[in-house]
Amino acid sequence: MLLHTIRKIKIATFLSVAIGIFYSCDDFVDEVPESQISGLAFYQNNEDLQLALVAAYSQMSTAYSQYHINWGEFRSDNMEPFGGNVARNSMHNSSMDVGERNILRWFDLYRFIDLTNRVINEGATIEGVDNNILGQAYAMRAKVYFDITRVWGAVPLFTESINTIDNAFKTRTPAAEIMANVVIPDMLRAEQLISTPSSNFVFSQSSVLALQAEVYLWERENQLAKDAIEKLIALGTHSLVRSPEDWQDLFINQVANFRVPDGPGKVQEGPELIFSLNYFLGQGIPTSGLARAYTAGAKITTITREVEEKWRNRFPLDTIWDDLYPDTAPVFTETIIASDGSDSIVPLYGDWRLFATREGGSFEDGVGTVDEGEARVHKWQKNALGLVPSNDDTDIVIYRYADMILMLAEAELKLNNAPRALELINQVRTARQLPLATTEQFGADFDTQIDFLLDERQFELLGEGKRWWDLVRNDKALEVMNPILQDRGENPLTEQRILWPVWDQHLIENPNLTQTLGW
Amino acid sequence: MKKTFKKQNTVHSFMLLLLLLCSGFTTFNLEAQQKITGVVSDVDGNPIPGVSVLQKGTSNGVVTDFDGIYSLSLNSAEKTLVFSYLGYKNKEVKVSGKVKIDVTLEEEAEALEEIVIIGYAAVSREKVLGAVSSVKAESIEKATAVDALQGVQGKLSGVQILSNNGPGAGFDVRVRGITSFAQGGPLYVVDGQQTFDIDNIDPNDIESLEVLKDGATTAIYGAQGANGVVLVTTKSGKAGKTRLSITHTTGVNSLVGQIPVANARQRIIQETVANPNPVGNRSIRDSLSLLFRNSEDIQKLVTRPATRQQVSLSLNGGSESARFNWNSGFVEEQGIIVNSGYRRFNTRVKLDLEPSDKIKAGTVVNMSFEETKGAPSFQILNQLTRRIPYLPIFEPDGTFTPSTPGLASLNPLQQAELREVVTRNYRANSFTYLQYNFTPKFSIKSTLGFNFRYLKNETFTPSALDNRNFRLAIPVATERHDLSYNVQQENFFNYNNSWGDHTISGFAGMQIQRNNRENLRLRAELNNELITTLNNNDPENFTTTNGTLNDANSLFSLFAGFSYDYQNKYLIGATVRRDGSSRFGENNKFGYFPAANVGWRLSKESFLEDSDVINNLLLRASFGVVGNDRIGNFTFDTPFNPDFTYSLDGSIQSIGVGPGTLLGNADIRWEETESINLGVDLGLFKNRVKIAAEIWRKTTSDLLVRTELPEESGFQSIQENRGVVRNQGIDFNINGTIIKKKGFKWDAGFNISFLENEVTELAVPIQQGRFLIEEGQPIGNMIGYKNFGVFSRDESNAYAPSGERLIPNFDSNGFFLGSYSFANGQAYPTDGVVRQLTFGGDALLGGDYIWDDVNGDFVIDSEDIQTLGNGLPTVFGGLTQDFSYKGFTLGLLFDFSFGNDIYRRYDHERNSLRASVLTPSPERIENAWTNQGDITPYPTLTARNREVNRFDFLGGVANSSFVSDGSFIIWRYARVGYSFPKKTLEKMDIGLKSLRLNLAINNVLTWTNYEGYSPEFGSRGNPLAPSEDNLRYPNDRELLLSLRVQF
């Protein structure tokens, strides 16, 4: 009996020890990520913050690869449809479908916003935080909110990362509120925090000032815009290039292949470049959208007849040039071989920027043989052969010095300082070795002058994502686009439709959102 | 191809010869002492084949042949013979000098001492109170299967096994409907070891396969068993002389049915209609133009009659204290698409040792190599069904005509032949146990299982197939390395006791599991095509594509349970399990999952005890809760990834770190499925007829759902617990012997299951491609726009404001009179308002689809999307018929599935006119609207500027024209076999104990209205998008010859 009891006790002890051991295994199910960082362990110091900043730039390059050109070019009078790409044509004709995910989707933009919010908010908790990092995040956030309020007007406003599902559903905050509470304070904060005067691929003092100029001019704060650009000039970090070759080098990214054996590869350098998004080749990393926008694949977008005509009228392709500009000969010449075999060197009339911008054009042959209205933008790549959109590493220029000089001209003009505006126009013309504009050509009244200036901007900056904003900023979108849309047999543009529609899926996912009026 | 085929044949024959010789030698070693012969028969005098005859106390034994005849040479020890056979009472006979002993065995109607191990306790099969379907080795063998699941298709009530088609592609297994939105099939437990697929097991290895369907029975497997549990018991060693058996199967497969594909003439009609004024280089073609004739039957070119070779060799034997089974197999199956195929080598050793009364130990070691080859079949098949038919396949010199990227029309044959895609799976697993019996009633058992799998996927795309840019074509190679391994360890106690009328058993223990994954994906553009592997480039140029990822998850569980019965009349049992999973956050890691069941055996009650008809009647009920943790790792956290690249200075690339697109949810917790099962088991006429019927309901709550987040939050989704889904149904199964006369036997089995599925709670619907999951509806609803045909004239688009369609009136010359009538002929008032359907601001015209305007606002937009069908069958089952006469057998299996629709996505895609390079189906071209007044099922081929015709709402939604009935009946196999009589074998005198020859046809016939290759296809793991046909590997009909010999 006793023996039996002892045995029972033995077994019971054994069992409870065994179960005790088992129970202590609870820690076994605490796994930590191996190939990832737990959210709780991140944002500890400046090194972490730098990694988060890189992520933000990377995401900016993803988002802007497509949107920068979509927004700034395709709805303007720079570009027209060629062929049957429905999505692209809908932008050219301002008839975007609310279901068009590829041109309306917010995800890449708001992911970018979230990444900047994280740097800003988490940076504030780091002791001895690197102000340069923080400042860049403010600049990025100002830039992206500025752009999306220009595109959509009111948009949902997030200045902090969400941590539960409940705070994911926001309504659209009015543009003016975002401008006043986020964009302007952020860009001013960025100026205070950033000490680097200039850096091509990240925000620096110079690019923050360029951003300020852009924002203030949009907000009709012409004096503040002027101040910002003058500060930028005073920094002395940038200047205009002085030769057509140098100008071309700001853009060119032509890979050598059998069609273009002497393709110089990626150049894209010069003192005019204030801020660009940098792209490089590799699998799974962002690619530039420039080839996709203009050159690669079948021809879907071409330079409009209207802009070419205007351009050719201002800088004639023949001897009319001599009548208009008797004092300045064209930069380039060509050799003409007569029927008797003798050759003669004659001026190559026309704006060489047109030669450099349009398909088939060159400094040797002028505008080339492609008809007006059928030429693609060949500012970055000269030859579509061998171009693969997913292999495009062309940097996207966000701010360029010539853009700033011409914006300064616009500010001066709006501040009733037309002579200074003309001076600035001619500063650019001088650098381009083009004949100077006369007061007569510039015009006598504001309307003529602003049109002249906007044309100058159009020729200089064609394809760079500026024109649509020039039109909207100066209330000229309807005036310029409606005759063109009418010619194409499309519905006219309305005041409300200057803003873009919201992708319908966003409206479905978040019932607090409403569609942009007019769509 | 031919060459290798021949060579392999030689190898097989050589091996066979060698084996024959070897085994011949062993027979010479037989000691001939006292020889006993005799016949074993049942009470009716029918001989019983396969009865084990053993000399008591030794390992000396034989098995009776088909005529019930045995012959055994006795050793000098004790001279008693033991006759045993499943389902019959054992019989012992003293030899006492006799040389011929005929024996009659009595059927053991009541206690089939069959044991099934469920979870951690062995249960006598008759005492199982849950819902269990099982299939035995003989039945699996009949299907002449490449893998185990193919062998049980159609035989398990309540279990749907759908082929994913294609060599090595595996099967989709649905146990009693779809209870979870999470991906994944059932849990497989192979001899106690848990795993998620059994593709690497030779069907010849399997002794029995059972599917546990109800919650109470699966509950003990915890978190992993939420989608059902499949128990696989492999063959164990049997004490006695070592037996060798060899099975060899040879077969030929061929394509069944073809999909109609447009020819060149039809393509030209399409082009002419789409663009009546040819521009550029498109010249007018006359009917004699070669272009008209230049359309090849590509389906014929891309497919081929494919062969299959399968050999399996097993050795089985041992003594009472050490038994073994060793099986090795080889399969080589060509795909019926050229350049595709599957190979498998596997070897499995199972050892069971009993060094003393106190200790039992054993191990299973399984190793396999699988190789799957071939370009993705859906790509090739889609290309061939939609390509421009007049584009040539071959150049005049016989080489492939290159694909023309400008026309986005790839050469499918070139794709199939030149693209190299090889996946190799190297797998090894071991499972070891050690059991110590404190007393005969109380024991502890420890197990250790290890699973290792290395998957290597290599692809090579020659420059000829580089469709990004054919001018600068670059050959590309990729490699994917997935390494996964897991450890499973269990320790548990078992207690079994019975006294008087009471039987009780109990168990308690723990289990840990840890699964690790490590992977790497690489891609490189190669320097040339001479070497097709990654070393043909500088490692600097390798790029990781989906990156690399290492992670692990773990589970820790405690469990206990008991079962009790009184006189085997009143039965009761319960289990409880506490599961912890690393996939949940701090506060939700652990879940408690209880289960209980009761049974009442009426046949033991006095009023039935003496029944001649009913020999078993058991009513049973069970209830159980099972948890599910099949979500990604760390969804409770928001982990940061190094997925961002940017160059801050334009020269050095930096890698940034940021969160992924899934927002962490700290509150994520266990999904729970509650299930109730009521069943009845009925055995009639001494178990000659067995019926099992179950009615069941499963309710899953706190469903693990990926909820889409508004994208402006910076995230795309979050893992949440929300929603309830309910499945309920009836499973019915009957098996019986219809005729059993001398030498002749006819067995039949039939099972049918009815299934109903409903999402009873789901606040925000979930869309998965073209499938919508919403409250009050079943899973598997296909959504899209419904059409009522095509407007025959521009004026036909006319409606009264009430939504009623109006009929325009025409004069005899076909001029529109400007007035309308109702459908009943009554005139519509001339001043009545006439509304028109519009899309995108334009009124629909003649030749446009008549879309169903659901909301009645005359605008066709996303508000008119409706449910067009459902992809889940509601009734399915199978019918088996087995006949045997003397040495001949005939086996048939039919299985069926009714009630589901199939969305022909491939057809919608090619018929959408989305791009001018897509060629629609011949039917679409021939039946397209062309002129005012045409009444056709398909709209105009003219692109015009009408997106609704051109795109046909392609993408997110379906069109009712492309939703078909997916019901089918498949005659799965017909197999005729012949076993050679023992006398013949003896005459051959090469030591053969049995020789069996089978001729089989698999996939004999399919009865269906479905237009595609096959109405049967799995959803490849995604339970929420069933029956969407984007062209799978087509079904094949197989003709097989197999030979089975035993020594």
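Only this structure's heavy atoms are used, side chains among them; waters, hydrogens and symmetry mates stay out. Throughout, protein chains are lettered first and strands after them, A, B, ... in sequence-line order, and every chain is numbered starting at 1.
- Atom CZ of A:Phe28 is separated from atom CD of B:Gln513 by 8.5 Å, given to the nearest 0.5 angstrom.
- Atom CD1 in A:Ile37 sits 8.5 Å away from atom CG in B:Asn641 (nearest 0.5 Å).
- Although no hydrogens or angles enter the test, the distance criterion places a donor-acceptor pair under 3.5 Å between the side chain of A:Ser35 and the main chain of B:Asn550.
- The candidate from B:Gly580, B:Gly664, B:Ser647 with the greatest count of non-hydrogen atom pairs under 4.5 Å with chain A is B:Ser647.
- The backbone N or O of B:Phe644 sits nowhere less than 3.5 Å from a side-chain atom of A:Ser58 that would complete a donor-acceptor pair.
- Heavy-atom pairs under 4.5 Å with chain A peak, among B:Glu720, B:Glu518, B:Lys589, at B:Lys589.
- The candidate from B:Ser654, B:Gly660, B:Pro642, B:Gly656 with the greatest count of non-hydrogen atom pairs under 4.5 Å with chain A is B:Gly656.
- Interface remark: A:Val32 contributes backbone atoms only to the contact with chain B (heavy atom separation under 4.5 Å).
- Taking all atoms of both residues into account, the shortest heavy-atom contact from B:Leu648 to A:Phe201 is O-CB, 3.6 Å.
- With a threshold of 4.5 angstrom between heavy atoms, A:Ser61 approaches chain B through side-chain atoms but not through N, CA, C or O.
- Heavy atoms closer than 4.5 Å to chain B are found nowhere in A:Asn512, neither backbone nor side chain.
- In this structure B:Phe715 satisfies the ring-ring contact (aromatic ring centres under 6.0 Å, His included) test with no other residue, sequence neighbours excluded.
- Within 6.0 Å of CD on A:Glu160 lie no more than 12 heavy atoms contributed by other residues, nucleotides or ligands.
- For A:Thr164, the part lying near chain B is the backbone, with the side chain staying farther off; criterion is any non-hydrogen pair under 4.5 Å.
- Proximity to chain B is limited to the side chain of A:Leu513, based on heavy atoms less than 4.5 angstrom apart.
- Residue with the most contacts toward chain B among A:Asn491, A:Asp114, A:Asn200: A:Asp114 (heavy-atom pairs, distance under 4.5 Å).
- A search for salt bridge (Lys or Arg N to Asp or Glu O under 4.0 Å) contacts involving B:Asp637 returns nothing, not counting sequence neighbours.
- At a 4.5 Å heavy-atom cutoff, the contact between B:Ile718 and chain A is made by side-chain atoms alone.
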Evaluation steps, salt bridge (Lys or Arg N to Asp or Glu O under 4.0 Å), between B:Arg583 and A:Glu31 | CA-CA 8 Å; B:Arg583 286 185 170 145; A:Glu31 294 280 355; over 6 Å; no
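- Formation of a donor-acceptor pair under 3.5 Å by the A:Tyr57 side chain with backbone atoms of B:Thr645 is not found in this model.
- When each of B:Asp667, B:Thr661, B:Thr707 is scored by its heavy-atom pairs under 4.5 Å with chain A, the top score falls to B:Thr661.
- The CD atom of B:Gln653 sits 8.5 Å away from the CG atom of A:Asn278 when rounded to the nearest 0.5 Å.
- The distance from atom OG of B:Ser554 to atom CG of A:Asp30, rounded to the nearest 0.5 Å, is 8.0 Å.
- Of the atoms belonging to A:Ile162, heavy atoms from both backbone and side chain fall under 4.5 Å from chain B.
- Counting heavy atoms from C-beta on, the side chains of A:Arg118 and B:Pro659 come closer than 4.5 Å.
- Scanning all heavy atoms of the two residues, the minimum distance from A:Ala168 to B:Pro710 falls at O-CG, 3.5 Å.
- Looking at B:Thr439, only its side chain comes within 4.5 Å of chain A, counting heavy atoms on both sides.
- For chain B, the nearby part of A:Pro156 is the side chain; its heavy atoms alone come within less than 4.5 Å.
- Options B:Leu709, B:Asn665, B:Asn633 differ in how many heavy-atom pairs under 4.5 Å they form with chain A, and the most are formed by B:Leu709.
- With a 4.5 Å cut-off on non-hydrogen atoms, A:Ser95 does not touch chain B at all.
- Here the CG-CD distance, from A:Asp108 to B:Glu711, works out to 8.5 Å after rounding to the nearest 0.5 Å.
- Per-residue counts of heavy-atom pairs under 4.5 Å with chain A were compared for B:Asp551, B:Leu555, B:Thr638; the largest is that of B:Leu555.
- Between chain B and the options A:Leu115, A:Asp395, A:Leu277, A:Ile165, the largest number of non-hydrogen pairs under 4.5 Å is found for A:Ile165.
- Classified by interplanar angle (parallel below 30°, tilted 30° to 60°, perpendicular above 60°), the ring pair A:Tyr43/B:Phe640 is perpendicular.
- Between the side chains of B:Glu712 and A:Asn510, at least one donor-acceptor pair of N or O atoms lies under 3.5 Å.
- Neither the backbone nor the side chain of A:Gln505 comes within less than 4.5 Å of any heavy atom in chain B.
- Side chains of A:Val54 and B:Ile655 form no contact here, defined as non-hydrogen atoms less than 4.5 Å apart.
- In this structure, the portion of A:Phe42 lying under 4.5 Å from any heavy atom of chain B is its side chain and not its backbone.
- With values rounded to the nearest 0.5 angstrom, A:Arg111 atom CZ is found 7.5 Å from B:Gln716 atom CD.
- Ranked by heavy-atom pairs shorter than 4.5 Å toward chain B, the options A:Arg105, A:Gln59, A:Lys170 are led by A:Arg105.
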